[in-house]
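Worksheet for the structure shown next.
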Amino acid sequence: MQTLDWIVIGVFCCALIGIVFWVISQKNNNSADYFLGGRDATWIAIGASIFASNIGSEHLIGLAGAGASSGMAMAHWEIQGWMILILGWVFVPFYTRSMVYTMPEFLERRYNTQSRTILSVISLISYVLTKVAVTVYAGGLVFQQVFGIKELWGIDFFWIAAIGLVLITALYTIFGGMKSVLYTSVLQTPILLLGSLIILVLGLRALGGWDEMLSTCSAVTTNDYGDHMTSLIRDLRDPDYPWLGALVGSAVIGFWYWCTDQYIVQRVLSGKNEREARRGTIFGAYLKLLPVFIFLIPGMIAFALSKNGVVVNGETFSLSTPDAAFPTLVAKLLPAGVKGLVVCGILAALMSSLASLFNSSSMLFTIDFWKRLKPQTSEKQLVRIGQIATVVIVVLGILWIPIMRSVGNVLYNYLQDVQSVLAPGIAAAFLLGICWKRATPKGGQWGLLSGIIIGLTRLGSKVYFSNNPDAADSWFKAVFYDFNWLYFCGVMLIFCCLVVIVVSLMTPAPDEKQIQGLVFGTATPEQKAATRASWTKWDVFHTCIIVALTIAFYIYFW
């Protein structure tokens, strides 16, 4: 890092501080202001926030590392971002009509109080143990790599970077709430995109172009069935990413994440109306087409540079581990000033992702637990409780980091693996809850419970059998450990849907008034008219473009 780089970083930090102080000056008088930015966000802020919230360290380190180790295999999970369109076109009308703050609150209106509690607990635990801890861990790792500092003041620089990142982000999230997340995202998103595009261009130039990258990576086989690093669709016998399992598993996880996860949906709930919310998802879907090219492809470029022994700025390019791909490209390729800009982009991604997590987690606790236990709590007290909850979540995330340090080489795979057993039960409850009027409160509740029981059994089995390789073969081991994780995710969804259906058919149908406007076929003429008035032919046109680009991507890398 040279003086010019530090100047660029300083300018970025000043701009960020200016935005945060401006947001803080806009008083958060009630919980709607604090958690949803007053519900007046425009489509640009919503789309930018969806993208910036989604892009975190699992992309900067994990996705680039996946590209460097397995090529295009993990691209399915990114290209399934087109499912944001399902959120905008299918779910936004129901969420908007219900006027809920959280996804568990929506399940309470559709099913019962128990369903709300189950989803709240699942969400909070998963945020602390996966997203917060992994983002913080990888943030410390990436800055240690980029700055090249092992220790500072006798302390491992990893901890200084990780905890510093958390504290700075927590401060502006605690005091600014949702507005600080939305408006800082508008600054951070273009910087992140520009910095990553610079890496892509300079990486291809150093390597010798796109064709050289494809040539080098396609020469590396990934299984015994003729597939190589550039193969997106892999043989059904592939032990890790069979094409059917990859399509099904990524679709299930994508549906859960983009359409039902508080972390993402909260950006949409902040929209001033249904039109702005839907257009925000369309803008977010456009942006979501980019990560494969600005993170995964650079990982493949880094692999090719290392494999070919390319000399960059007088040094032979080499990778210590696959997860070091992106920070190594930053450190080796970029000139002074540009490196500072890209570091700002990395900082932006990490901070925005963490800020969204803190805000969503504190909202879940405040609205779904505290307000239910103490409904008489004033609006200003709810804001204060949300701020305290953010501090607690920060502390828990930091305490979990030492455990997370053991998964450094498999960050992206680890996240998707855990999400593959969390997603099916939740996806089944939401999908049938909105599509089937006959789904009952007990049906939704037991669909969620069955998903969690099976998911925790699968995770526990992985821990046990991974540490006991000599364990005897059994049907339990074959089902809960040996069975491919992608197929397991698909079978789980089918099973949880069957549980919802069977229990619903065995219990009394829900009251028509309870589900009015929350399920297909129950909207009033006024609600239908409002939804129809919220979109135009241009919304349909841009939706078709996104779907066409997704199909073209699959055809090209088939």
Side-chain angles (χ1 to χ4, degrees), residues 58 62-63 65-67 69-77 80 122 125-126 129-130 134 220-229 231-257 321-323 403-404 406-428 447-499:
E58 69 269 24
L63 186 56
S69 61
S70 58
M72 295 300 298
M74 299 302 290
H76 291 282
W77 282 258
Q80 291 288 8
I122 296 169
I125 292 174
S126 67
L129 300 189
T130 58
V134 168
V220 179
T221 57
T222 55
N223 57 32
D224 298 328
Y225 312 109
D227 294 320
H228 40 75
M229 286 185 69
S231 301
L232 179 62
I233 302 298
R234 300 190 176 178
D235 194 280
L236 281 173
R237 294 166 292 179
D238 186 281
D240 298 314
Y241 307 103
W243 68 265
L244 181 59
L247 289 176
V248 172
S250 61
V252 174
I253 295 172
F255 175 81
W256 159 75
Y257 182 76
T321 65
D323 277 340
I403 301 171
M404 291 305 303
S406 65
V407 300
N409 289 328
V410 287
L411 278 180
Y412 198 75
N413 301 48
Y414 167 82
L415 277 178
Q416 301 305 339
D417 199 1
V418 172
Q419 290 173 348
S420 72
V421 295
L422 292 176
I426 300 171
L448 285 169
L449 279 173
S450 63
I452 294 309
I453 293 170
I454 295 171
L456 291 178
T457 303
R458 168 81 173 187
L459 289 176
S461 299
K462 287 178 71 68
V463 172
Y464 175 77
F465 289 116
S466 295
N467 291 289
N468 293 275
D470 298 327
D473 290 334
S474 63
W475 69 267
F476 184 87
K477 181 174 180 287
V479 172
F480 288 98
Y481 181 70
D482 296 328
F483 192 35
N484 181 276
W485 65 289
L486 296 169
Y487 288 131
F488 191 90
C489 180
V491 172
M492 257 192 82
L493 176 67
I494 295 173
F495 180 82
C496 292
C497 285
L498 288 175
V499 169

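You'll find the side chain of L448 reaches within 4.5 Å of the side chain of I426, heavy atoms only. No side-chain heavy atom of M72 sits less than 4.5 Å from a side-chain heavy atom of I233. In this structure the side chain of F488 reaches within 4.5 angstrom of the side chain of I454, judged on heavy atoms. Side-chain contact check for L244 versus Y487: some heavy-atom pair is nearer than 4.5 Å.
Within 6.0 Å of OH in Y464 there are 12 or fewer heavy atoms belonging to other residues, nucleotides or ligands. Annotation: F495, atom CZ; neighbour count of heavy atoms from other residues, nucleotides and ligands within 6.0 Å does not exceed 12.
Of all non-hydrogen atoms in G490 and V248, the two that sit nearest each other are CA-CG1, 3.7 Å. Minimum interatomic distance between K477 and A471 (heavy atoms only, all atoms of both residues): CE-O, 4.2 Å. Closest approach of L486 to P242, counting heavy atoms only: CD1-CD, 4.3 Å. For the residue pair R234 and M229, the shortest heavy atom distance occurs at NH2-O, 3.5 Å. Taking all atoms of both residues into account, the shortest heavy-atom contact from V421 to M492 is O-CE, 3.6 Å. Summarising the geometry of D238 relative to N223, their closest heavy-atom pair is OD2-ND2, 2.6 Å, with the distance given to 0.1 Å.
Between Y241 and W485, the ring planes lie perpendicular to each other; the angle is over 60°, past the 30° to 60° tilted range.
The OG atom of S474 sits 12.5 Å away from the OH atom of Y481 when rounded to the nearest 0.5 Å. Taking CG of D482 as the reference point, atom CG of N484 lies at 11.0 Å (rounded to 0.5 Å).
Within the 3.5 Å criterion, the main-chain N or O of D227 finds no donor-acceptor partner in the side chain of D235.
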Decide yes or no on side chain to side chain contact (heavy atoms under 4.5 Å, CB included) for W256 and L493, but give the supporting numbers first.
CA-CA 11 Å; W256 159 75; L493 176 67; over 6 Å; no
